[in-house]
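Only one structure is covered here, and it is reproduced in the block below.
Atoms considered below: every heavy atom in the structure, side chains included; atoms not considered: hydrogens, waters and symmetry mates.
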Amino acid sequence: NQVALVEAGVAPGGGAWLGGQLFSAMIVRKPGHELLDDLQTSPPSYAQPACRTPAVSAAAAARLSACAEIYRNPPDQIAYDDEGDFVTVKHAALVTSTLLSKVLAAPNVKLFNATAAEDLVIKRDDGVPGGRYVAGIVTNWTLVSLNHGLQSCMDPNVIEAKVVVSACGHDGPFGAHSVKRLAALGMVPPVPGMAALDMNTAEDAIVNNTREVVPGMVLTGMELAEVDGSPRMGPTFGAMLVSGRKAAHVALGVLKKKQEAAAAKASSGAQKEMSA
């Protein structure tokens with residue numbers, strides 16, 4: 001499966017390059033530290049497929065951790081201080097840069113940075129809940145998307161996908177873009193926005209609610225808080241990593257169901273032809 005990473009900024013990872021209030025340390029609540037243990041810092045081997053996440057995704061640290069799922073039993077690990085219920089990495093950039101280097105080295109991964117997801121591709125299918133599903137994204141250069149009033153004409157491109165993983169983060173210029181668009185289309189209820197900060201409750205909610213929110217779209221990270229009205233998280237990254245890892249498995253499950261449905265349809269069609 002081919003994986004396209006679509007990032008509105010120049011550097012993928014959202015706010016994961018720094019900690020709270022632009023300080024350097026990254027706080028990772030357990031069990032999010034297990035991904036740090038799994039992530040090897042020496043060059044990976046691609047004896048097996050590097051990343052099987054069938055997704056087109058937006059920018060967030062959660063999305064990156066989904067692809068990092070495959071790196072296990074590393075000979076060399078990211079160092080951290082164990083503080084009991086959480087761990088501290090001396091600089092957030094150490095985690096994010098390592099994730100990026102591993103993910104982008106995978107042969108089936110392509111990054112489109114400085115590229116905005118302006119809209120969603122929505123198709124109709126009476127066989128899915130609600131009768132509509134997400135089939136991809138509409139893309140344009142970020143600078144064009146921010147300045148459409150200054151452009152005489154700049155039509156977008158389209159990337160179709162079997163499943164889309166959206167990790168647009170909380171509300172902002174491009175934040176929560178997917179859920180806001182789904183709400184405008186009537187595919188989800190009006191977006192309540194995230195509640196006030198409650199760090200531990202927020203992290204639990206993000207991980208527990210990581211899911212396929214509408215057919216064809218998996219939500220991960222703080223964008224979930226916008227659609228669910230759960231608390232904002234603050235500068236803690238454990239749930240982002242675990243949510244991203246969970247989103248990878250949810251996306252694989254969605255893809256598997258689509259493959260099984262396609263196989264059943266093909267088999268049914270063949271049986272009808274034989275009967276005829």
Side-chain angles (χ1 to χ4, degrees), residues 8 12-21 26-35 53 55 57-66 68-69 85-87 92 95-96 99 117 120 129-130 134 137 163-254:
W17 291 98
L18 288 166
Q21 201 174 318
M26 174 180 277
I27 306 300
V28 179
R29 179 183 169 194
K30 295 180 179 179
H33 73 297
E34 292 177 359
L35 187 138
T53 309
S57 168
R63 182 265 327 277
L64 298 176
S65 72
E69 168 75 7
D85 293 333
F86 62 92
V87 303
V95 175
T96 306
L99 278 168
L120 303 174
V134 176
I137 61 172
V163 59
V164 175
V165 176
S166 183
C168 292
H170 55 70
D171 199 9
F174 290 106
H177 174 80
S178 296
V179 296
K180 288 187 289 188
R181 185 60 172 142
L182 290 174
L185 294 169
M187 295 179 71
V188 299
V191 177
M194 61 184 176
L197 191 146
D198 182 349
M199 193 171 288
N200 288 346
T201 300
E203 290 208 287
D204 292 344
I206 292 301
V207 174
N208 293 335
N209 293 332
T210 299
R211 66 192 185 278
E212 185 184 22
V213 68
V214 298
M217 174 168 281
V218 176
L219 283 188
T220 182
M222 281 303 294
E223 193 169 13
L224 285 158
E226 295 289 341
V227 72
D228 293 334
S230 59
R232 64 185 299 178
M233 188 182 300
T236 179
F237 293 86
M240 305 301 286
L241 300 176
V242 177
S243 175
R245 174 170 280 186
K246 181 179 178 181
H249 291 284
V250 174
L252 287 170
V254 172

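With a 4.5 Å cut-off on side-chain heavy atoms, M187 and M217 do not count as touching. Counting only heavy atoms from C-beta outward, the side chains of R232 and L197 approach each other to under 4.5 Å. Using a 4.5 Å heavy-atom cutoff, the side chains of R29 and N200 are in contact. By the 4.5 Å heavy-atom criterion applied to side chains, M199 and P231 are not counted as neighbours. You'll find the side chain of L224 reaches within 4.5 Å of the side chain of R211, heavy atoms only. At least one side-chain heavy atom of V250 sits less than 4.5 Å from a side-chain heavy atom of K246. Looking at L35 and L99, their side chains come closer than 4.5 Å, going by heavy atoms from C-beta outward.
The two residues R245 and H249 make their nearest non-hydrogen contact at O-CD2, 3.2 Å. Considering all non-hydrogen atoms of both residues, G238 and V28 come closest at CA-CG1, 3.8 Å. Shown here for D198 and T201, the closest heavy-atom pair between the two residues is OD2-OG1, 3.0 Å. Nearest heavy atom pair, residue V165 against residue A251, reads CG2-CB, 4.1 Å. In this structure, G19 and F237 approach most closely via the heavy-atom pair CA-CE1, 4.4 Å. Nearest heavy atom pair, residue G13 against residue T96, reads CA-CG2, 4.3 Å.
Distance check: I137 CD1 to R181 CZ gives 13.5 Å after rounding to the nearest 0.5 Å. Distance check: S230 OG to M222 CE gives 6.5 Å after rounding to the nearest 0.5 Å. Residue T236 holds its OG1 atom at 11.5 Å from CD1 of I206, rounded to the nearest 0.5 Å. Atom CE of M233 is separated from atom CE of M194 by 10.5 Å, given to the nearest 0.5 angstrom.
At least one donor-acceptor pair under 3.5 Å links the side chain of E212 to the backbone N or O of G216. A distance-only check finds a donor-acceptor pair linking the side chain of E223 to the backbone of V179 [under 3.5 Å].
Under the 3.5 Å distance criterion, with hydrogens and angles disregarded, a donor-acceptor pair is assigned to the side chains of T220 and S243.
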